[in-house]
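Worksheet: one structure, shown below.
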Amino acid sequence: MLVYGSLFLSGLLAATLFPASSEVLLLALLQQGYQPFWLFVAATAGNTLGSCINWYLGLKLQQFQHKRWFPVSQDALNNAQRHFARFGVWSLLLAWLPVVGDPLTLIAGVLKVRFKLFVVLVLLGKAARYALLIWLGNAVFTE
């Protein structure tokens with residue numbers, strides 16, 4: 001159970017604005033024979049919760065934006081806002097993408113995207129990514 005909890009935390013951290021990755025741990029655990037379903041659940045849940053934290057920070061951004069520790073530059077925020085305005089709420093399906101995904105979830109909070117819609121779109125995108133990783137990992141590790 002500790003292994004799945006570690007993957008959950010890895011996924012959560014990877015989805016926040018801190019640089020981290022959960023894919024390597026997921027694939028290593030898959031190769032070691034841990035249950036793919038529970039790996040999928042742990043990674044997807046943690047990664048989605050991390051994005052929810054970003055959404056909340058975005059919602060409260062005006063309170064934190066000028067703090068020295070705030071991990072997002074004004075340029076990154078402006079870039080994410082332009083991306084979000086260009087592609088709309090459906091771009092949240094791509095919240096799993098490196099570099100742009102995390103700021104995108106923060107901007108969704110800034111723009112006050114409805115939380116339920118946010119969670120559904122982010123969950124779908126992240127679940128599809130982890131399902132694909134597990135499927136590809138199984139294909140490689142079972143050869």
Side-chain angles (χ1 to χ4, degrees), residues 1-61 63-65 67-84 86-143:
M1 199 59 171
L2 181 62
V3 168
Y4 300 108
S6 297
L7 182 58
F8 174 88
L9 290 176
S10 175
L12 187 143
L13 186 60
T16 63
L17 300 173
F18 297 105
S21 174
S22 59
E23 294 84 3
V24 172
L25 179 59
L26 171 74
L27 292 172
L29 295 174
L30 185 64
Q31 185 178 23
Q32 292 174 24
Y34 287 94
Q35 293 296 313
F37 174 77
W38 292 114
L39 293 173
F40 169 79
V41 169
T44 302
N47 211 245
T48 301
L49 182 59
S51 291
C52 291
I53 291 169
N54 291 346
W55 180 89
Y56 180 76
L57 286 174
L59 192 64
K60 302 294 182 182
L61 184 65
Q63 295 174 357
F64 301 118
Q65 185 174 2
K67 300 285 186 182
R68 186 176 181 194
W69 53 263
F70 196 73
V72 180
S73 70
Q74 188 60 47
D75 287 342
L77 286 173
N78 291 341
N79 187 28
Q81 275 184 309
R82 280 192 302 276
H83 173 77
F84 197 87
R86 182 175 176 197
F87 298 106
V89 72
W90 297 106
S91 64
L92 289 170
L93 289 167
L94 302 176
W96 57 269
L97 285 171
V99 182
V100 297
D102 299 339
L104 185 63
T105 59
L106 185 89
I107 294 303
V110 169
L111 298 176
K112 296 179 175 66
V113 171
R114 285 182 309 135
F115 186 67
K116 286 181 182 180
L117 177 60
F118 171 86
V119 170
V120 167
L121 292 174
V122 169
L123 178 67
L124 287 172
K126 290 177 183 273
R129 182 227 2 220
Y130 283 118
L132 180 62
L133 274 173
I134 290 170
W135 180 75
L136 290 172
N138 273 331
V140 169
F141 300 141
T142 56
E143 287 185 356

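Residues in residues 99-111 take part in no salt bridge (Lys or Arg N to Asp or Glu O under 4.0 Å) pair, two or more places apart or across chains.
From S21, atom OG reaches atom CG of L26 across 9.5 Å, with rounding to the nearest 0.5 Å. One distance of note links CG of L117 with CG of L92; it measures 7.5 Å at 0.5 Å rounding. The distance from the OG1 atom of T48 to the CH2 atom of W96 is 14.0 Å, given to the nearest 0.5 Å. Atoms CD and CZ, on Q32 and F141 in that order, are 9.5 Å from each other to the nearest 0.5 Å. If you take CG on L30 and CD on Q35, they are separated by 10.0 Å, rounding to the nearest 0.5 Å. One distance of note links OH of Y4 with CZ of F37; it measures 10.5 Å at 0.5 Å rounding.
Surrounding CZ of F115 are more than 12 heavy atoms belonging to other residues, nucleotides or ligands, all under 6.0 Å away. Under a cut-off of 6.0 angstrom, the local environment of OH in Y34 is sparse, with at most 12 non-hydrogen atoms contributed by other residues, nucleotides or ligands.
Heavy atoms only, all atoms of each residue included: S22 and L7 are closest at O-CD1, 4.0 Å. Of all heavy-atom pairs between G11 and N47, the closest is O-ND2, 2.7 Å. The minimum heavy-atom distance between P36 and I134, with the atom names listed, is O-CD1, 3.6 Å. Residues K126 and T44 come closest through the heavy atom pair O-OG1, 4.4 Å. Minimum interatomic distance between N54 and A15 (heavy atoms only, all atoms of both residues): ND2-O, 2.6 Å. Closest of all the heavy-atom pairs between A20 and L13 is CB-CG, 3.9 Å.
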- L94 vs V100, side chain to side chain contact (heavy atoms under 4.5 Å, CB included): CA-CA, chis, key distance, verdict: CA-CA 9 Å; L94 302 176; V100 297; over 6 Å; no
- Message: Walk me through whether I53 and L12 qualify under side chain to side chain contact (heavy atoms under 4.5 Å, CB included).
- Response: CA-CA 9 Å; I53 291 169; L12 187 143; 4.1 Å; yes
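A distance-only check finds a donor-acceptor pair linking the side chain of S6 to the backbone of L2 [under 3.5 Å]. Between the W55 side chain and the V113 main chain, a donor and an acceptor come within less than 3.5 Å of each other.
In this structure, the side chains of L57 and T16 stay at 4.5 Å or more apart for every pair of heavy atoms. Contact of the F118 side chain with the T105 side chain is registered, since non-hydrogen atoms from C-beta on lie closer than 4.5 Å.
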